[in-house]
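Everything on this sheet refers to the single structure shown next.
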Amino acid sequence: MLGDSTVVVAADYFRSYSVVGLLALLGVLFVGVAFGAGRLLRPVVPTPEKLLTYECGVDPVGEGWAHTQVRYYVYAFLYVIFAVDSIFLFPWATVFAADGYGGTTLVEMFIFLGFLAVGLLYAYKKGVLTWT
């Protein structure tokens, strides 16, 4: 008798995953149909003007390969440091207020803030935080 109830519980468990799988399959199918319809319905008339490199309405001048100083990764790095910090502080504060989690969550938060401090120290050493 114990085996029959286990089979029923397992069937219910996998039925819930089948719904998720079906929705994922429908999503992939929808995207595939949309891309296929776009490919079938769009006009394909390549012209030299259409094949030119285009950026912000300016006609290309010179070669396509140019050396540029891209430093946006640093700003993205700083954003991640501060955004992740603020995202994790609010849930941490709610867990910290719950009974029985005070000491553990306090240690975990200091470890987390230590990682963020290392990232901020790295940015400082790279000279990112200096105003020029």
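Phe115 pairs by the ring-ring contact (aromatic ring centres under 6.0 Å, His included) definition with nothing, not counting sequence neighbours. Every residue meeting the ring-ring contact (aromatic ring centres under 6.0 Å, His included) condition with Tyr122, not counting sequence neighbours, appears here in chain and number order: Phe77. Listed by chain and residue number, Tyr13 satisfy the ring-ring contact (aromatic ring centres under 6.0 Å, His included) test with Tyr17 (two or more places apart in sequence, or in another chain).
Taken together through direct or relayed side-chain contacts under 4.5 Å among Ile, Leu, Val, Met, Phe, Trp and Tyr, Phe112 and Phe110 form part of one hydrophobic cluster. Following chains of ILVMFWY side-chain contacts shorter than 4.5 Å, one cannot reach Val118 starting from Met109, and the two form parts of different hydrophobic clusters.
Here the straight-line distance linking atom CG of Leu29 with atom CG of Leu22 works out to 10.5 Å at 0.5 Å rounding.
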